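Step one of this worksheet: look at the structure below.
Labels below follow one simple rule: chain letters A, B, ... track the order of the sequence lines, proteins then strands, and each chain is numbered from 1. Keep in mind it's a predicted model, so treat the numbers as computed, not measured.
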Amino acid sequence: MDRANFFKDVYEVVRQIPKGRATSYGAIAQYLGVKSGARMVGWAMNASFTENNYVPAHRVVNRNGLLTGKHHFKNPNEMANLLREEGIEVEGNQIKNFADCFWDPSVELAL
DNA sequence: AAGCTGACTATGG
DNA sequence: GCCATAGCCAGCT
């Protein structure tokens with residue numbers, strides 16, 4: 001596939017994450033069909049900052065529900081803050097009820 | 001052009 | 001249970 005399309009697809013998926021939910025890089029990568037493209041998803045998020053379209057990257061965390069990407073935000077606290085406002089309980093840099101608010105595109109979007 | 005890096009994940013010790 | 005290693009793909013220097 002076109003890598004540009006891959007990035008675009010990642011953005012679309014992330015934007016479709018419902019409020020109060022969160023997903024993992026691996027889940028998105030798997031949904032896109034990329035076996036181990038989790039890193040690319042994260043990289044796409046980094047590129048999303050350059051995109052004109054806003055992407056709720058704060059809803060994307062690693063497989064452990066850890067807010068690994070918070071450090072890349074303008075304000076690292078903003079990521080946890082946004083998640084907390086959406087009803088997601090955040091313990092330090094990790095989502096407490098991650099399993100409860102986990103949103104799997106492969107299931108929810110059910111392509 | 002070639003090599004490094006990176007917001008990951010899984011496996012092994 | 002925590003630290004180290006490997007596999008992965010695309011962008012950036």
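- If you measure from atom CZ of A:Phe6 to atom C1' of C:dG11, you get 12 Å, rounded to the nearest angstrom.
- Judged by distance alone, with hydrogens and angles left aside, the side-chain atoms of A:Tyr11 form no donor-acceptor pair with the main-chain N or O of A:Glu51 at under 3.5 Å.
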Protein-nucleotides 8-12 of chain B N/O pairs under 3.5 Å:
{"unit_1": "B:dC8", "atom_1": "OP1", "unit_2": "A:Thr68", "atom_2": "OG1", "d": "3.3"}
{"unit_1": "B:dC8", "atom_1": "N3", "unit_2": "A:Arg39", "atom_2": "NE", "d": "3.4"}
{"unit_1": "B:dC8", "atom_1": "N4", "unit_2": "A:Arg39", "atom_2": "NE", "d": "3.2"}
{"unit_1": "B:dC8", "atom_1": "N4", "unit_2": "A:Arg39", "atom_2": "NH2", "d": "2.6"}
{"unit_1": "B:dT9", "atom_1": "OP1", "unit_2": "A:Arg63", "atom_2": "N", "d": "2.9"}
{"unit_1": "B:dT9", "atom_1": "OP2", "unit_2": "A:Arg63", "atom_2": "N", "d": "2.8"}

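- Within 4.0 Å (heavy atoms only), A:Ala29 reaches no atom of the nucleic acid at all.
- Computed from coordinates, the A:Phe7 CZ to C:dC12 C1' distance equals 11 Å when rounded to whole Å.
- Listed candidates were B:dA7, C:dC9, C:dC12. Nearest to the side chain of A:Phe73 is B:dA7.
- Of the inter-residue distances, the one linking A:Ser48 atom OG with A:Tyr54 atom OH reads 8.5 Å to the nearest 0.5 angstrom.
- Counting only distance, with no hydrogens or angles, the side chain of A:Gln16 and the backbone of A:Glu12 share a donor-acceptor pair below 3.5 Å.
- For A:Gln94 (side chain) and A:Asn64 (main-chain N/O), a donor-acceptor pair under 3.5 Å exists by modelled atom type.
- When atom types are taken as modelled, the side chain of A:Asn97 and the backbone of A:Asp100 share no donor-acceptor pair closer than 3.5 angstrom.
- Spacing between atom CG of A:Leu67 and atom P of B:dA7 amounts to 14 Å, rounded to whole angstrom units.
- One atom, CE of A:Met40, and another, P of C:dC12, lie 11 Å apart when rounded to the nearest Å.
- Between A:Glu86 and A:Arg59 there is a salt bridge, since at least one side-chain N of the basic residue sits less than 4.0 Å from a carboxylate O of the acidic one.
- Remark: P of C:dG11 and CE of A:Met45 are 14 Å apart, rounded to the nearest angstrom.
- One atom, CG of A:Leu32, and another, P of C:dC8, lie 18 Å apart when rounded to the nearest Å.
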